[in-house]
Amino acid sequence: MITKEKFFKRTLTFTPGVRFFHWVRAFSIFFLIFSGFYIAYPFLTPNPNPEPTGFLIATFRSFHVIAGFLLISVSIFRLYLFLSTTRKTNEKVYASDLFSAKMWIGQIKNYLFMGAHPHVKGVYNPIQFFAYLILAILVLIISLSGVILYYNVYHNGLGAILEPCFKWLEVAVGGLANVRKIHHITTWAIIIFIPVHVYMVVWNAVKHPDGGADSIVGGYRYQEVAKEN
Ligand code: HEM
């Protein structure tokens, strides 16, 4: 049997913190979509019961809000990691690819099977970076509208602190009914993002095996090199 030795260069793509927060956000978003749709259309109702125990919608809403604040906290910390990292391949460095027409054209050609993958400065290509920027804006919109819905349901404690902070925004968008609509429509925008994101990750992993789709789990990507160095 002939065995051929291959050598790979191991590069840390995502730090443990980034990976952990990616999955916390992914699972909280799945749960928020499910529980949010239940709140919008409560398709299950408890059996009628004379005892005050059948508060299924309130229970769903409580867990929705818990997951919502988890998403908000993790997203704020993720933003902090984005801004504070000093790693060489950090995301701020390759944000500059975003403003290069050559990179955009090269990447579009690559996606259309018309050219090689352009040399990106970091982990994300400009289209990917742009998509993640849009997702961050969607998370910001759904979080702000969620917080407004929250203080209109829970008037005491945190709700009493948040109301004076965000009342202006509620008024600016035309009232609570519009906030609910924005929250609901943003849910659909996020739902559209998810399959596109998963498809692109898998596509990249298949077309460029060293592209490192699994690096969001293991952290490293492995690029084949000529010999051990
Ligand atoms: C990916 C994130 C999220 C998704 C997909 C999501 C989805 C939804 C959906 C579909 C609804 C029902 C809207 C309707 O009645 O049509 C809802 C309601 C609600 N959401 Fe979210 N949400 C998210 C994040 C948040 C956050 C961050 C908060 C705030 C902490 C939040 C708080 C609420 C509240 C308080 C309600 C209204 C409950 C009620 O009507 O009593 N959500 N959400």
Side-chain angles (χ1 to χ4, degrees), residues 9-33 65-104 106-107 117-151 158 161-162 164-166 168-169 172-173 182-183 186-187 189-194 196-198 200-201 204 211-221 223:
K9 193 175 103 190
R10 195 170 88 138
T11 324
L12 181 66
T13 311
F14 298 114
T15 57
V18 170
R19 278 178 276 150
F20 178 69
F21 291 129
H22 171 272
W23 291 110
V24 172
R25 285 199 298 167
F27 286 116
S28 64
I29 288 174
F30 281 125
F31 179 73
L32 283 159
I33 292 171
V65 163
I66 292 168
F69 280 112
L70 179 69
L71 178 69
I72 291 176
S73 336
V74 169
S75 301
I76 292 172
F77 198 71
R78 182 66 183 84
L79 180 68
Y80 162 76
L81 287 181
F82 173 77
L83 296 174
S84 67
T85 181
T86 49
R87 289 176 57 224
K88 231 172 53 205
T89 54
N90 76 64
E91 293 142 312
K92 278 173 290 177
V93 173
Y94 50 86
S96 62
D97 282 346
L98 201 59
F99 304 100
S100 155
K102 198 173 146 224
M103 291 297 296
W104 276 81
Q107 190 57 52
H117 197 290
H119 179 74
V120 290
K121 287 192 188 128
V123 191
Y124 303 143
N125 70 57
I127 299 179
Q128 222 180 344
F129 192 91
F130 185 69
Y132 296 159
L133 190 66
I134 299 285
L135 179 69
I137 293 168
L138 291 175
V139 169
L140 178 69
I141 296 172
I142 209 151
S143 301
L144 288 172
S145 53
V147 162
I148 295 173
L149 292 171
Y150 169 80
Y151 71 65
L158 185 60
I161 299 170
L162 293 171
C165 302
F166 294 103
W168 63 272
L169 190 58
V173 297
I182 292 169
H183 200 72
T186 316
T187 300
I190 291 175
I191 290 173
I192 292 169
F193 173 87
I194 295 169
V196 176
H197 171 62
V198 174
M200 291 316 292
V201 167
N204 261 298
D214 50 349
S215 58
I216 199 64
V217 179
Y220 291 94
R221 76 161 136 177
Q223 282 159 307

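When atom types are taken as modelled, the side chain of Trp23 and the backbone of Ile216 share a donor-acceptor pair closer than 3.5 angstrom. Using modelled atom types, no side-chain atom of Arg221 and backbone atom of Ser215 make a donor-acceptor pair closer than 3.5 Å. The backbone N or O of Gly218 lies less than 3.5 Å from a partner atom in the side chain of Arg19, making a donor-acceptor pair.
Distance check, rounded to the nearest 0.5 Å: CZ of Arg78 to CG of Leu83 gives 10.0 Å. For the atom pair Ile127 CD1 and Gln107 CD, the distance stands at 5.0 Å (nearest 0.5 Å). The distance from the CZ atom of Phe30 to the CZ atom of Arg25 is 13.0 Å, given to the nearest 0.5 Å. Between atom CZ of residue Phe69 and atom CG of residue Leu71 there is a gap of 11.0 Å, rounded to the nearest 0.5 Å. Here the straight-line distance linking atom CD1 of Ile76 with atom CG of Leu81 works out to 12.5 Å at 0.5 Å rounding.
Nearest heavy-atom pair, Ala67 versus Ser28, reported as atom, atom and distance to 0.1 Å: O-CB, 4.2 Å.
Among residues two or more places apart in sequence or in another chain, the ring pair (Phe, Tyr, Trp, His ring centres under 6.0 Å) test is passed with Phe130 by Trp104. Here Ser73 pairs with nothing under the side chain to side chain contact (heavy atoms under 4.5 Å, CB included) rule; sequence neighbours left out. Among residues two or more places apart in sequence or in another chain, the ring pair (Phe, Tyr, Trp, His ring centres under 6.0 Å) test is passed with Phe193 by His197. Under the side chain to side chain contact (heavy atoms under 4.5 Å, CB included) criterion, Val24 pairs with Phe20, Leu70, Val74, not counting sequence neighbours. Judged as a side chain to side chain contact (heavy atoms under 4.5 Å, CB included), and not counting sequence neighbours, the contacts of Gln128 are Tyr124, Asn125, Tyr132.
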Show which side-chain atoms of residues 134-151 pair as donor or acceptor with protein atoms under 3.5 Å away, not counting sequence neighbours.
unit_1	atom_1	unit_2	atom_2	d
Ser143	OG	Val139	O	2.6
Ser145	OG	Ile141	O	2.9
Ser145	OG	Ile142	O	3.2
Ser145	OG	His183	ND1	2.9
Tyr151	OH	Glu170	OE1	2.6

- [ ] Go through the steps to decide whether Ile194 and Ile33 satisfy the test side-chain contact (heavy atoms from CB on, under 4.5 Å), and finish with yes or no.
- [x] CA-CA 11 Å; Ile194 295 169; Ile33 292 171; 3.9 Å; yes
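Aromatic ring orientation, Phe129 versus Phe82: tilted (interplanar angle from 30° to 60°).
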